[in-house]
2 protein chains.
Amino acid sequence: MSEGAASRVSEATVARLPRYLARLLELAAADTATVSSDHLAELAGVNPATLRRDLASFGIAGTRGVGYDVRYLVYEVSIVLGLNHEWPIVIVGVGNLGRALANYDGLVSRGFPVRALLDIDPSVVGDEVAGITVEHIDDSAAVVAREQLAVAVIATPSGSAQNAADLMIGSGISSLLNFTAVAIEVPDVVEVRRVDLATELQILSFYQQRSSAARGGAGVPLEKALSPIC
Amino acid sequence: MSEGAASRVSEATVARLPRYLARLLELAAADTATVSSDHLAELAGVNPATLRRDLASFGIAGTRGVGYDVRYLVYEVSIVLGLNHEWPIVIVGVGNLGRALANYDGLVSRGFPVRALLDIDPSVVGDEVAGITVEHIDDSAAVVAREQLAVAVIATPSGSAQNAADLMIGSGISSLLNFTAVAIEVPDVVEVRRVDLATELQILSFYQQRSSAARGGAGVPLEKALSPIC
DNA sequence: TTCTGTGAAATAGTTCACAGCG
DNA sequence: CGCTGTGAACTATTTCACAGAA
């Protein structure tokens with residue numbers, strides 16, 4: 001990931017904010033007016049002191065003896081995360097994954113409406129997916145300008161990922177969410193995060209293997225062992 | 001995430017192993033025989049001492065003056081991650097996301113073949129997706145036993161995620177990869193990891209906002225500001 | 001009294017730097 | 001001589017514990 005401006009808050013703190021926000025929205029939906037750090041920390045699965053420190057590091061204050069005002073906290077955390085406005089996104093690569101993402105309502109409902117779809121394959125260009133007409137990646141600069149896009153989701157085959165990323169950066173995109181199996185190199189001013197299914201499964205595999213070994217090996221198909229996948 | 005047996009290696013170390021493995025497989029594919037910690041660390045984007053310590057913590061040794069044997073390292077890291085055998089998986093929820101995952105070739109190529117698809121909707125059961133016939137979730141126990149499954153990917157709507165997880169755990173599944181917008185509660189012996197698109201985008205949003213603020217705000221549609229998404 | 005905000009302690013993780021092996 | 005393996009220093013992060021505000 002590129003580093004951006006040096007900041008005084010740790011990435012661990014930033015990564016917890018979406019979790020706090022999700023719980024806060026649930027509390028707000030249930031018309032809860034205030035919440036203590038103990039309660040919210042319990043809901044979010046963190047230590048109360050960690051929660052208080054996280055909020056304090058952004059200057060977000062509660063009321064001693066009372067707790068935090070839920071609606072105010074939602075507002076403040078949203079501002080800190082940059083969620084006081086929508087972030088329209090473009091999906092690059094309209095294969096199975098791209099289609100799934102375009103149809104995923106969890107995006108628009110959380111402020112990330114899909115505004116454009118791009119592909120390099122002429123047989124896909126012109127298709128309508130989730131109500132959006134697929135455009136050719138050669139037109140990316142025009143699309144980015146037209147839709148005021150800052151974020152692109154890369155859902156191409158792995159071999160095309162770097163190329164797609166370069167094109168989008170050249171078209172003015174400054175944040176990438178990389179959904180492919182390979183890492184993408186970017187200039188320092190561009191932010192990237194990668195979501196990789198196989199990496200997650202490999203980590204799961206480690207802990208799964210370890211905990212079943214500790215229990216005596218039940219549940220793991222060890223009889224299938226010793227055919228390395230490399 | 002559930003904790004499993006207390007271990008002496010940090011989660012940070014485990015999370016780096018898949019990255020090392022990916023680079024090692026590239027080196028192996030290019031017939032590179034040995035690699036120094038400096039070189040591999042550079043490829044993986046970590047400090048060389050961190051790499052050496054990570055490997056040493058699993059008892060994986062190199063040769064002083066030479067480096068590490070690439071093929072041996074691939075083998076050892078695979079064993080540590082539990083990748084010396086395949087991990088057949090089941091996808092629960094055959095909507096857009098489930099279909100995308102079922103068709104994603106990055107899974108089988110890395111040792112996680114999709115062996116079954118489950119859904120609760122009778123109009124989907126019986127469909128063939130990616131060469132696999134969708135079965136009803138009521139039959140999950142039989143499916144898990146038949147295919148010797150240990151890992152389930154939850155790709156249902158968020159509201160059904162906990163339910164789906166409970167059913168799969170009751171059917172003998174011991175690792176879950178949760179692809180929905182909500183957290184899932186599980187017993188201690190079950191491992192869970194969650195991949196959430198909106199969380200990733202929110203973190204991107206934070207850094208994007210911050211770095212464009214540092215550059216004077218160019219590139220962000222600030223004129224659209226102030227319509228909170230909550 | 002309750003619960004925040006935060007020094008200070010504890011813990012975890014990273015990096016340096018170098019002894020010593022091949 | 002080059003590079004690993006690791007004590008020790010350093011940095012980051014979490015947690016405790018409590019003073020003090022409401």
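Convention: sequence-line order gives letters A, B, ...; per-chain numbering from 1. In this text, all values refer to a predicted model and were calculated from it rather than measured experimentally.
Comparing Val46(A) and Gly65(A) against DNA chain D, the residue whose closest nucleotide sits nearer the 5' end is Val46(A). Take the nearest nucleotide of DNA chain D for Ala12(A) and for Gly67(B): the residue whose nucleotide is more 5' is Gly67(B).
Side-chain atoms of Ser10(B) lie closest to dG13(C) of the nucleotides dC16(C), dG13(C), dT13(D). Among the nucleotides dT4(C), dG5(C), dT4(D), the one closest to the side chain of Arg64(B) is dT4(D).
Look at Asp54(A) and Arg19(A) and you find no salt bridge, because none of the NZ, NE, NH1 or NH2 atoms lies under 4.0 Å from a carboxylate O. Glu11(A) and Arg16(A) are not joined by a salt bridge, as no carboxylate oxygen comes within less than 4.0 angstrom of a charged side-chain nitrogen. No salt bridge links Arg110(A) with Asp105(A); every basic N to acidic carboxylate O contact stays at or beyond 4.0 Å. With salt bridges taken as basic N to acidic carboxylate O contacts below 4.0 Å, none links Arg71(A) and Glu76(A).
Crowding of Glu185(A) atom CD: a count of heavy atoms from other residues, nucleotides or ligands under 6.0 Å not exceeding 12.
dT4(C) atom P lies 14 Å from atom OH of Tyr72(A), rounded to whole Å. Between the CZ atom of Arg53(B) and the P atom of dG7(D) there is a distance of 8 Å, rounded to whole Å. The interatomic distance linking Asn47(A) (CG) with dA12(C) (P) rounds to 13 Å, in whole Å. Across the protein-nucleic acid pair, Asp69(B) atom CG and dC3(D) atom P stand 16 Å apart, rounded to whole Å. For the pair His39(B) NE2 and dG2(D) C1', the interatomic distance rounds to 16 Å; values are reported in whole Å. The CG atom of Leu51(A) sits 14 Å away from the P atom of dC16(D) (whole-angstrom rounding). One can place CD of Glu11(B) at 21 Å from P of dA12(D), the figure rounded to the nearest angstrom. A straight line from CG of Asp54(B) to C1' of dT4(D) spans 14 Å, rounded to a whole angstrom.
For dT15(D), one of the phosphate oxygens OP1 or OP2 lies less than 4.0 angstrom from a side-chain nitrogen or oxygen of Thr50(A). Distances shorter than 4.0 Å separate none of the side-chain N or O atoms of Ser36(B) from OP1 or OP2 on dC3(D). Not one side-chain nitrogen or oxygen of Tyr68(A) sits closer than 4.0 Å to the OP1 or OP2 atom of dA22(D). Residue Ser37(A) has a polar side-chain atom (N or O) positioned under 4.0 Å from OP1 or OP2 of dT4(C).
Side-chain atoms of Arg52(B) come within donor-acceptor range of the base of dG5(D), with a qualifying N/O pair under 3.5 Å.
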